[in-house]
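A note on names: the letters A, B, ... follow the listed sequences, proteins ahead of strands, and every chain is numbered from 1. Please read these numbers as outputs of a predicted model, since none were measured by experiment. No hydrogens, no waters, no symmetry mates; every other heavy atom, side chains included, goes into these values.
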Number of protein chains: 2
Amino acid sequence: MKRELHVISNGKLSFSQMATIAAEIVDYVDYIHIRERNKTTKELYEGVMLLIQSGIPPSKLVINDRIDIALLTGVNRVQLGYTSADVRIIKDRFPQLHVGCSVHSLEEALCKQQEGADSALYGHIFATRSKAGVPPRGLEELQEIATTLTIPVTAIGGIIPTRVKAVFGTGASGVAIMSSIWDANHPLEAVKEYEKQIQRWGEGQ
Amino acid sequence: MKRELHVISNGKLSFSQMATIAAEIVDYVDYIHIRERNKTTKELYEGVMLLIQSGIPPSKLVINDRIDIALLTGVNRVQLGYTSADVRIIKDRFPQLHVGCSVHSLEEALCKQQEGADSALYGHIFATRSKAGVPPRGLEELQEIATTLTIPVTAIGGIIPTRVKAVFGTGASGVAIMSSIWDANHPLEAVKEYEKQIQRWGEGQ
C-alpha cells in the first residue's frame with residue numbers, strides 16, 4: 001500500500017495564495033484538503049475553481065464539511081468534522097462521494113466506519129501549536145484504530161518528517177500536515193522532506 | 001395570482017424556538033426562509049429536520065445560501081445572496097431546485113433572471129431597523145422591477161401590514177417579513193394581520 005500525504009489548508013491564506021503553493025507542491029502530495037471555515041459560499045466556490053484552473057486535479061482535492069462546494073466544483077471527496085452533517089445522511093443521498101470522518105477515539109472511529117465513512121482522520125498524534133493545551137493522543141491509540149478499522153486511517157498533528165516512519169509503523173495509511181507546509185519559507189522543499197520519508201518507508205517494506 | 005407571505009428567520013433564535021413559532025404560524029404563511037449564517041452544518045441540518053418533524057412541510061421551506069442543506073433535507077427551494085455561489089452553476093447542476101435571488105436594482109434583477117433565477121427578492125423597500133443607516137429603495141424601483149421581470153418578485157424591508165396594499169399595487173407577487181414576526185409577543189396574531197391584508201387585496205382584484 002502506497003502511503004498517502006495529505007496537506008490540509010489552515011484557514012489563514014487567500015485562495016490566490018493557496019493556489020500558488022498548491023500548484024508548486026501538487027505533484028508530491030496525494031490530497032489537498034480545503035478547510036476554510038470562515039469563507040463564504042461564493043469565496044469557497046470561486047476558490048476551489050481557481051485551484052482547479054491552477055492545475056490542481058479535482059481528484060486530489062478534498063472539501064471539508066461543505067458538500068455543496070464539492071458537488072458544484074466536481075470534487076468527489078469530502079471530510080466531515082463534529083460540526084458537519086451526519087455521514088449516513090450524506091452517503092445515502094450522495095453514494096458517489098468519498099466521505100472521510102475526523103475521529104478522536106477508537107469508539108468514534110468504529111462508529112463512523114459503521115455509519116459508512118470511507119476513511120478516517122485521527123489526531124492529534126503529537127503536540128502541535130494548532131492544538132496548544134490539548135494533550136496529544138500518541139501512537140498507541142492510532143495503532144489500535146489503524147489495525148482495527150478496515151477503512152484507511154490517516155494521522156494528523158505534529159507529524160514532522162522524522163516521525164513519519166513511526167506513524168506508518170502503526171499501520172496508518174497516511175499522514176496529514178498543515179502549517180508546516182503553508183507557513184514554510186519553501187513549501188516545496190518542506191513537502192519533499194515528507195515525500196522522501198514516504199518513499200523510504202515504501203522501499204523498506 | 002395569490003400573493004405570497006414569506007417569513008425570513010433573523011439569525012437570533014435557536015431552531016427549537018423557531019420550530020415553536022413556525023408550527024404556530026405555518027398555516028398562514030407561504031414560505032419560511034431559513035437564513036442562519038452563523039450556524040454550523042450540523043446545526044442547520046438538524047434544525048431543518050426539526051422544523052419538518054414539527055409539522056412544517058418541506059414545500060414551505062426555503063434554505064438561504066446552503067444548497068447542501070436543501071439537498072440533504074429534501075427542501076426544493078433555495079435563496080441566494082451576494083456571498084452565495086452563482087445561480088447559473090446551481091441551476092446547471094440541480095435544475096430541480098427553485099432558486100431565488102436577492103437583488104438590489106433593476107439591472108441586477110434582469111441579470112439574475114437571465115442567469116436562470118426562478119424568483120427575486122428585492123429590498124429594502126421601507127426604512128427598517130435591520131438595515132439602519134441604509135436608505136430604503138422605495139416603491140418606484142420595485143414597481144419597475146416587478147413589471148419588467150417575468151419571474152415573481154417579492155418585496156422585503158419595513159413592510160408593516162398597512163403597507164401591504166401599496167406593495168402589491170406595484171405588481172410584486174409577495175411580501176417578506178422578518179423581525180416583526182419572530183420578535184412579536186404574539187407571532188400568530190402578527191402573521192394574521194398580514195394575512196388579512198393579503199386576503200383583502202385578493203378580494204379587491
Side-chain angles (χ1 to χ4, degrees), chain A residues 11 15 34-53 58 62-97 99-103 108 111-112 115-117, chain B residues 11 15 34-53 58 62-97 99-103 108 111-112 115-117:
Chain A
F15 271 106
I34 305 305
R35 185 176 178 276
E36 297 292 316
R37 298 185 169 179
N38 296 318
K39 292 193 165 68
T40 67
T41 303
K42 186 184 185 67
E43 287 167 338
L44 288 168
Y45 173 76
E46 292 177 355
V48 172
M49 291 310 289
L50 175 66
L51 289 171
I52 294 170
Q53 283 148 18
V62 181
I63 309 294
N64 191 284
D65 186 54
R66 297 291 299 265
I67 64 155
D68 50 348
I69 302 301
L71 295 168
L72 293 173
T73 58
V75 168
N76 276 324
R77 294 179 82 105
V78 295
Q79 179 69 30
L80 307 182
Y82 72 98
T83 61
S84 300
D86 200 284
V87 55
R88 276 172 304 195
I89 310 296
I90 293 173
K91 289 295 292 187
D92 274 0
R93 181 74 179 76
F94 302 105
Q96 78 277 18
L97 289 178
V99 180
C101 286
S102 297
V103 300
E108 192 186 6
C111 173
K112 295 298 176 190
E115 290 177 358
Chain B
F15 271 106
I34 306 306
R35 185 177 179 275
E36 297 291 318
R37 299 186 169 179
N38 296 318
K39 292 193 165 70
T40 67
T41 303
K42 186 184 184 69
E43 287 167 337
L44 288 168
Y45 173 76
E46 292 179 354
V48 172
M49 292 310 289
L50 175 66
L51 290 171
I52 293 169
Q53 283 149 17
V62 182
I63 309 294
N64 190 283
D65 185 53
R66 297 290 299 264
I67 65 156
D68 51 348
I69 303 300
L71 295 168
L72 293 174
T73 57
V75 168
N76 276 322
R77 293 178 83 103
V78 295
Q79 180 69 30
L80 307 182
Y82 72 98
T83 61
S84 300
D86 200 284
V87 55
R88 276 173 303 194
I89 309 296
I90 293 173
K91 289 297 291 188
D92 273 359
R93 182 74 180 75
F94 302 105
Q96 78 277 18
L97 289 178
V99 180
C101 286
S102 297
V103 300
E108 193 186 7
C111 172
K112 294 298 175 191
E115 290 178 356

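Across all non-hydrogen atoms, the minimal contact from G81(B) to S102(B) is CA-CB, 4.4 Å.
Here T83(A) is the residue among L71(A), T83(A), D86(A), L44(A) with the most heavy-atom pairs under 4.5 Å with chain B. Per-residue counts of heavy-atom pairs under 4.5 Å with chain A were compared for D68(B), T40(B), I90(B); the largest is that of D68(B).
Between the side chains of T41(B) and R66(B), at least one donor N or O sits under 3.5 Å from an acceptor N or O.
For L80(A), no part lies near chain B; criterion is any non-hydrogen pair under 4.5 Å. For a residue to count as touching a neighbouring chain, one of its non-hydrogen atoms must lie under 4.5 Å from one of that chain's; by this rule Y82(A) touches chain B with the backbone only.
Remark: side-chain polar atoms of E115(A) are not paired, donor with acceptor, to backbone N or O of R88(A) under 3.5 angstrom.
Rounding to the nearest 0.5 Å gives a distance of 10.5 Å between CG of L97(A) and CD1 of I63(A).
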